[in-house]
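One structure is given below, encoded as structure tokens.
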2 protein chains.
Amino acid sequence: MVEHESDKNLTLLLKAMSDSTRRALLTQLCQQGASRVTDLANYYDMSLNAISKHIKVLEKAELVTRKTIGRTHWIEANIQQISLAENWFKELKSIWELRLEKLDEIMKNGGPNND
Amino acid sequence: MVEHESDKNLTLLLKAMSDSTRRALLTQLCQQGASRVTDLANYYDMSLNAISKHIKVLEKAELVTRKTIGRTHWIEANIQQISLAENWFKELKSIWELRLEKLDEIMKNGGPNND
DNA sequence: AATATATTCAACCATATGGTTGAACATGAA
DNA sequence: TTCATGTTCAACCATATGGTTGAATATATT
């Protein structure tokens, strides 16, 4: 299995998205484009530090990127990364469909060994 | 905001999917169709109880359903539920696109107030 | 140089999570 | 009735998570 690394990334991604505040941050970033940490934090009833930590989680999951200019950090959404999850969904669905097709085959032909 | 409830469901769903073992269980269920808890557990280097707990998490997220017949519980994948996440992705992307379109407009017309 | 702003780091805390083991419960088989 | 099977419940444990506060760091501004 070369699977391990991408599985870890998927875990990181889904965990990052599984928090309501972080999803709100992503939404905000998509709406507003690149934003400073302080500006983002103003929207939440939570300390700046908490938001800073949330952003770090999103960054590790590669859901956002950071460009530091002077003392201010510009955070930007990286929605491409979502495809990691989408691809997994797709794979899961195709596995599901495959089983249904095989069942269908059996129903039609009266069994898998009718040659 | 009537949002709250569906946001909680999304959190439940993404958290459920964010664990590697639970994703493996879902894959297994898609491949094999309805399965007993014990049968599922045999594939993992983990106690039956641990798997039982994972299944409960998937069940709360409505990613699987359970049909109890006698003493055995038949667990089945419910891949429909994935659409909850897919719809959120879609929404996020459309918010992203909307901003890009507006930017584009500004580039073309030299500003948002050129009437 | 002194002060203000933007941000992270570190330590701490409460609660959640993912695992374990040992009963308990429900049902099937001898 | 007795024993075996399928599953959950309960208590426990270590680590992760999401929040806090108080410094520390880096860079602007006066």
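Every chain is numbered from 1, with letters handed out A, B, ... down the list of sequences. Note that these values count all heavy atoms, side chains included, but never hydrogens, waters or copies made by symmetry.
Under a 4.5 Å side-chain heavy-atom cut-off, the cluster of Ile, Leu, Val, Met, Phe, Trp and Tyr residues that includes B:Trp74 is completed by B:Ile69. Other cluster members for A:Leu98: none, since no ILVMFWY side-chain heavy atom sits under 4.5 Å from it.
Residue pairs meeting the side chain to side chain donor-acceptor pair (under 3.5 Å) criterion with at least one partner in residues 47-56 of chain B, sequence neighbours excluded, are B:Arg22-B:His54. Among pairs with a residue in residues 28-38 of chain A, those fulfilling side chain to side chain donor-acceptor pair (under 3.5 Å) read A:Gln28-A:Tyr44, A:Gln32-A:Tyr43, A:Arg36-A:Asp39, at least two apart in sequence or across chains.
Residues satisfying the salt bridge (Lys or Arg N to Asp or Glu O under 4.0 Å) criterion with A:Glu97, sequence neighbours excluded, are absent altogether. For the salt bridge (Lys or Arg N to Asp or Glu O under 4.0 Å) test, no residue two or more places apart in sequence or in another chain qualifies with A:Glu76. With sequence neighbours left out, A:Asp104 forms a salt bridge (Lys or Arg N to Asp or Glu O under 4.0 Å) with A:Lys108. Here A:Lys90 pairs with nothing under the side-chain contact (heavy atoms from CB on, under 4.5 Å) rule; sequence neighbours left out. In this structure, B:Glu62 has no salt bridge (Lys or Arg N to Asp or Glu O under 4.0 Å) partners at least two apart in sequence or on a different chain.
Taking a 4.0 Å limit (strictly below) on heavy-atom distances, residues 67-78 of chain B reaches DNA chain D at B:Arg71, B:Thr72, B:His73. Proximity of residues 34-60 of chain B to DNA chain D (heavy atom under 4.0 angstrom from any strand atom) is restricted to B:Arg36, B:Val37, B:Thr38, B:Leu48, B:Asn49, B:Ser52, B:Lys56. The stretch residues 10-28 of chain A touches DNA chain D through A:Lys15, A:Asp19, A:Arg22, each having a heavy atom under 4.0 angstrom from the strand.
Using modelled atom types and a 3.5 Å distance limit, the side chains of A:Asn78 and A:Thr65 yield no donor-acceptor pair.
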